[in-house]
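To keep things clear, I will list the structure first and then write my remarks on it.
Residue numbers run from 1 in the order of the sequence given. Atoms within a ligand are numbered from 1 in the order they appear, just like the ligands themselves.
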Amino acid sequence: MIEFPKEFVWGAATSSYQIEGAAWEDGRGECIWDRFARTPGKVLDGLNGDVACDHYHRWPQDVALMKELGLQAYRFSIAWPRIFPTGSESKPLEAGLAFYDRLTDGLLEAGITPWVTLYHWDLPQGLEDAGGWPNRDTVDAFLRLTEVVSKRLGDRVKHWITHNEPWCAGRLGYETGLHAPGRTSVPDALAACHHLLLSHGQAVPIIRANSPGAEVGITLNLVPAVPASPSEVDRKAHQRFDAWFNRWFMDPLVGKGYPADLLEEYVRDGHVSGMEPDFVKDGDYAAMAVECDFLGINYYSRGIIRAEVPEEENAPRTVPEPPDDVKTDIGWEVYPDGLYDLLVRLRDDFDGLPIYITENGAAYHTAPSDDGVVHDGKRLAYLDSHLRACHRAMADGAPLAGYFAWSLMDNFEWQEGYTQRFGMVWIDYETQERLPKDSARWYSKVIARNGVED
Ligand code: IFM
């Protein structure tokens with residue numbers, strides 16, 4: 001038996017837009033994903049989160065299932081436009097707050113600790129129309145959301161995550177355009193990333209004031225990467241990738257500001273005004289480096305970085321392209337050693353700050369078999385191998401304190417629509433039936449035993 005420490009936290013995660021369904025009747029406003037999903041060509045099959053898993057109405061059943069599985073903690077997010085439908089109302093919407101009240105109380109009654117994420121990408125469309133995250137006013141709007149939600153739930157919720165994956169919200173949303181709101185401007189993306197990190201820093205003291213004794217942190221999605229060959233061009237491409245994906249978000253949190261190598265490139269290319277970009281105001285760097293209680297990490301796979309140069313200018317690969325049979329259905333390599341490497345790196349880069357894996361999981365289509373059960377052995381093997389990597393990293397001093405599987409249930413997978421299933425619980429989108437897969441039953445045993453079998 002590979003045993004985890006007694007106090008290790010075992011949970012599962014979801015997010016509002018991906019599971020709740022809109023439930024417009026209770027006044028939720030439009031968010032950027034409602035608009036994006038309705039824009040032709042942005043989401044596979046043209047689908048959206050209007051119904052999703054209908055969790056808004058079916059949460060009692062979902063909480064009962066979590067209890068049956070023995071989850072100790074459940075990470076969910078707040079749909080911002082349920083609280084402020086356009087983002088600028090002077091008063092919050094009671095129906096939205098009441099929903100999260102009910103969910104929180106239901107979890108506590110079931111003996112499950114609620115972990116709340118304040119922003120998992122459903123920005124009110126009204127705020128996007130006023131400039132979105134590149135506009136500094138959005139920071140103030142987020143702080144109003146933080147104040148209202150942490151005041152309302154702060155007596156019962158003692159674990160808070162300000163933002164989920166600012167890389168996605170900032171870079172996919174404003175630089176590559178793959179996510180809502182779908183803009184493609186490097187300057188906008190840099191301002192957006194800055195305001196996301198700044199709003200994290202400024203939200204932390206608000207949460208602490210409203211939720212005495214709470215643990216507060218932020219969740220980053222990080223990708224440990226290697227160059228595809230030792231050639232100079234691949235080495236440089238790898239360094240740039242690490243700055244673009246990882247260091248741009250890690251360094252400001254530990255008081256280092258933005259990575260100079262990439263910032264210099266942005267200055268050269270005219271994307272920012274200088275090494276002190278216009279969007280950085282006095283005190284911002286200090287605010288972003290606010291002391292936190294933990295760092296949340298979402299890990300799925302590693303990167304193998306190849307320079308974009310003609311093939312003949314590059315050296316032969318020493319790290320081969322992974323074959324399809326070690327990739328999940330979404331095309332991401334199964335590489336548990338990457339999680340080990342990442343945890344060991346963070347042990348040093350964050351100087352022993354406690355770490356929670358706030359997401360880790362795999363997309364596999366595996367459907368119910370003739371016996372009516374979903375035998376998702378590949379997901380089970382993925383989770384098992386990643387838990388072993390966690391355990392090894394902890395033995396080497398990584399301060400890992402808990403693990404949340406992504407996801408409790410199949411859900412709306414952003415630009416992939418409903419084509420990718422990450423859940424440990426199967427959702428039949430026609431009937432809304434919930435069906436725990438083999439991985440859910442297995443995870444339940446892992447929690448009960450506090451470890452994985454040798
Ligand atoms: O579904 C997403 C989640 O919303 C954020 N992290 C990655 C998951 C899988 O892509």
For the 3.5 Å polar cut-off, considering only N or O atoms, please tell me whether Asn411 and ligand 1 meet it. no
Kindly confirm or rule out an N or O of Gln18 lying under 3.5 angstrom from an N or O of ligand 1. yes
Residue from Trp133, Trp414, Tyr17 passing ring-ring contact (aromatic ring centres under 6.0 Å, His included) with Trp121: Trp414
Is it true that Tyr299 lies under 4.0 Å from ligand 1, counting heavy atoms only? no
Measure centre to centre between the rings of Trp167 and Phe245, then say whether the value is under 6.0 Å. yes
Give yes if a backbone or side-chain nitrogen or oxygen of His120 is under 3.5 Å from a nitrogen or oxygen of ligand 1, and no if not. yes
Got a salt bridge between Glu359 and Arg75, using NZ or NE/NH1/NH2 to carboxylate O under 4.0 Å? yes
Quick check: does Ser15 get an N/O under 3.5 Å from an N/O on ligand 1? no
Would you mind running through ligand 1 and noting each atom that sits below 4.0 Å from a heavy atom of Glu413? 1 (O), 2 (C), 9 (C), 10 (O)
Would you say Glu359 and ligand 1 have an N/O pair spaced under 3.5 Å apart? yes
Checking contacts here: is it the side chain or the backbone of Phe412 that comes within 4.0 Å of ligand 1, counting heavy atoms only? Could be both or neither. neither
Consider only side-chain N and O atoms of Ser16 and Asp122, and report whether a donor and an acceptor are under 3.5 Å apart. yes
Does the side chain of Ser407 come within less than 4.5 Å of Met424's, by heavy atoms? no
When you compare ligand 1 with Glu165, is there at least one nitrogen or oxygen pair between them that comes in under 3.5 angstrom? yes
Parallel, tilted or perpendicular: which one describes the rings of His120 and Trp406, with boundaries at 30° and 60°? parallel
